[in-house]
2 protein chains.
Amino acid sequence: MNRNIYKLKAEVAKALAHESRLIMLDALKMDDQCVCDLTALVGADQSTVSKHLSILKNAGIVSDHKEGNRVFYHLETPCVLQFFDCALEVVQIRTQATQSVL
Amino acid sequence: MNRNIYKLKAEVAKALAHESRLIMLDALKMDDQCVCDLTALVGADQSTVSKHLSILKNAGIVSDHKEGNRVFYHLETPCVLQFFDCALEVVQIRTQATQSVL
DNA sequence: TGGCTATATGCCTATATTGCCATATAGGAG
DNA sequence: CTCCTATATGGCAATATAGGCATATAGCCA
């Protein structure tokens, strides 16, 4: 059992563990987006969004490239989108379990 | 865009965002495991492992049942295992990117 | 009942994450 | 060069997470 690989995978999960970052990844599913558009999308401070994006970039999930004075982010590993479906499944099962208790 | 669903999904990601919890989920892939075995596996304090398990349980990823004086945990949503593969892919791409810089 | 094992929880401290503000940096337009 | 827009970073305060110790709870066995 290689502990280090678990730690690295946990870092990827950590990068996904924020509402704003998931919103941005969902938007990047279709097309590359500039920071300005993503900022408007999540509705937080521009500096906050920039930090979220650097977290995704450091995790290896997105990459960036400049176009003029704007920076566009690109979804580098679309497989993370599979997680969205699984997370939905988890949430739905949890909801059912909660309701059965009531 | 439903913000709440992103928040719920982020909670699932957060539950996955720890080395010890990933190790335990990997072990639960094959069979249900008692807290005692999982404690030995991750090598942390029993109370720490118990807390990690309650995080996975609250997220809806695992369930538990008693057998005698032991509590066994069960992987309720095996789809989270797909995340392992994707995380590995992300890590590998990140490693390649790092190496190309050197 | 008493003692042993297994598990969960409260408490505390250390560390990490988040978010905004202020500011630095860079590119484009005039 | 100057101004404006776009983005990144440093700093700070608030909050969340993690981990161990002590302890409570529960089941089993004698």
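Chain naming here is simple, since letters A, B, ... match the order of the sequence lines and numbering starts at 1 in each. For clarity, every value in this text was computed on a predicted model and none was experimentally measured.
Here the P atom of nucleotide D:dA16 and the NE2 atom of B:H18 are 18 Å apart, to the nearest Å. Atom CG of A:L38 is separated from atom C1' of D:dA8 by 15 Å (rounded to the nearest Å). With rounding to whole Å, B:E11 atom CD is found 13 Å from D:dA16 atom C1'. Taking atom CD of residue B:Q46 and atom P of nucleotide D:dA18, one finds them 17 Å apart after rounding to whole Å. We find that CG of A:D64 is positioned 15 Å from C1' of D:dT9, with the value rounded to whole Å. Distance NZ (B:K51) to P (D:dG20): 10 Å, rounded to an integer number of Å. Rounded to an integer number of Å, the gap from B:N69 CG to D:dC29 C1' is 11 Å. Nucleotide D:dC12 holds its C1' atom 14 Å from the CG atom of A:D45, rounded to whole Å.
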Could you give the side-chain donor-acceptor pairs of residues 11-18 of chain B under 3.5 Å, partners two or more places apart or in another chain?
unit_1, atom_1, unit_2, atom_2, d
B:H18, ND1, B:S20, N, 3.0

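Residue B:Y73 is classed as a sugar-phosphate contact, given heavy-atom separations below 4.0 Å to backbone atoms only. Residue-level contact check: B:L53 touches neither bases nor backbone, having no heavy atom under 4.0 Å from any strand.
Listed for the A:D26 side chain is no donor-acceptor partner under 3.5 Å among the backbone atoms of A:L22.
Here chain A contacts DNA chain C (any atom closer than 4.0 Å to a heavy atom, that is under 4.0 Å), and the contacts span C:dT17 to C:dG28 from 5' to 3'.
In this structure, CD1 in A:I23 is found 9.5 Å from NE2 in A:H52, a value given to the nearest 0.5 Å.
For A:R21 and B:R70, each mapped to the nucleotide of DNA chain C holding its nearest heavy atom, the one lying further toward the 5' end belongs to B:R70.
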